[in-house]
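Following: one structure in structure tokens, then a few remarks.
For ligands, and for the atoms within them, numbers begin at 1 and follow the listed sequence.
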Amino acid sequence: MNKRIIAFAAALAALVSCSSDRNSVLKVYNWSDYIDESVIPEFEQWYKEHTGEDITVIYQTFDVNETMLSKIEKGHEDYDVVCPSDYIIERMLNEDLLLPLDFASIPDSLNYISCNTSPYIRGMFSAINPRIDANDYSVAYMWGTTGLIYNPDFVTDEEASTWDVIRNPKFKGQVLIKDAPRDVYGPVLIYLKQKELAEGSTTLQDLMWDSSDESIAAVEQYLREVKEGVLGWEADFGKDQMTKGRGVISLNWSGDAVWAIEEAAQVGVNLSYVVPEEGSTVWFDGWVIPRYACNHKAATWFIDFMCRPDIAIRNMDVTGYVSANGAREVLDSQIDPELDPIDLSYFFEGADSVRVDPVLYPDKAVIDRCALEHDWGEDTEKLLAMWSRVKGDNASSMTYIILVAAVVLIAAAYFVTTASKRRRKHHRR
Ligand code: SPD
């Protein structure tokens, strides 16, 4: 039986197993810190107002793409809407885990999907999967780059202009690395292949497909050196650690950078963000309806609601991430006359000189040195194994220290008790 038949049979079984009360429940599974949570009850009201039906949203979060994927891929969980990143959307399409989107049921006056049809976003979504157009199965939510948040009081702009700063012994114990294997692998490989990139014997795009044993081994070796100076492999606490001044460099996403820079400024900590000169990844997270979903109707309406420009602006303001929404009012909401103008014409028509935060919306020159990650299929296991080897050493040395400490404590307690028993015996005599 091929994969598609298995997936279809499983989906049929899932649909049959959807209980009747699922019509009034919508299960949303999103990244943590990735929404203004006040929009959720508003969606419930809006849905009731326009469909006459009650809906209760069960909202759950994840920190790592792979956790979310495994729940659906292996656990067949009945989430109605989830928000994977580009290369995971690619994989879910390859494994037939997504349902095509159909907004025909939503009245024209309430259909906000067209706001998300910026040619740039549509083009990038078409590039997600070379075989299947991801635009038919997903709607972009937020997007950004991978780069470095740094504290310019300790790290110079020149030092932060290269990925190699994460290995600089000067910053030992103050480096935070995102616990996201693909998002770390890409930049490190780009750094290691600078010479080949400069010579033209490889391209950024080629590197996004490079799952060779040789490249994985080179990245592993490099990360083992980086690890000497790592303060933490973080899923979501890096931005906070930077804000509190505990870290001075964080390999992170642009949205976390926007959040951290704003928070830090309020407590007098200076932070900046850069996409290093060697190049990086540009990423897109999009709403999808997994094959095992039970409430397609509410899922479709939820995705539509997320595209409403005022909702998109609120989600941006709370999370620091940049909406994929191409509506002019979204751009207008971000204009700040005190900022230098940048070229955003690739995203908003005619916006070749707009005063917006370049961390939020990367300038065209930054986008030109970034590439989209791709699904490696079964080779992903090799990457995940490498990642646990690199991080796992930490856990085992820590486990070892705890074990030794426990043995020492037990032995000490034993000797103290035995000695005091002996003393008591001696006194009694
Ligand atoms: N706290 C929400 C973070 C979501 C960022 N998604 C980035 C994915 C890059 N592959």
Enumerate the residue pairs fulfilling ring pair (Phe, Tyr, Trp, His ring centres under 6.0 Å) with a member in residues 164-214, sequence neighbours excluded, ordered by first and then second residue. Tyr185-Trp376, Tyr191-Tyr222, Trp209-His374
In chain-and-number order, ligand 1 lies under 4.0 Å from a heavy atom of each of Trp31, Ser32, Asp33, Tyr34, Ser85, Asp183, Asp236, Trp253, Trp283, Asp285, Tyr321
With Asp317 via salt bridge (charged side-chain N to carboxylate O under 4.0 Å, His left out) - residues at least two apart: none
Side-chain H-bond candidate by donor/acceptor type, Thr162 with Asp164, under 3.5 Å: no
Working note: Ser211 + Asp379, criterion side chain to side chain donor-acceptor pair (under 3.5 Å); need CA distance, chi angles, decisive distance, verdict. CA-CA 6 Å; Ser211 60; Asp379 277 1; 2.7 Å; yes
My understanding is that only one of Trp143, Tyr361, Trp283 makes a ring pair (Phe, Tyr, Trp, His ring centres under 6.0 Å) with Tyr321; could you say which? Trp283
What side-chain hydrogen bond (donor to acceptor under 3.5 Å, both in side chains) pairs are there with at least one residue in residues 265-277, not counting sequence neighbours? Thr145-Tyr273
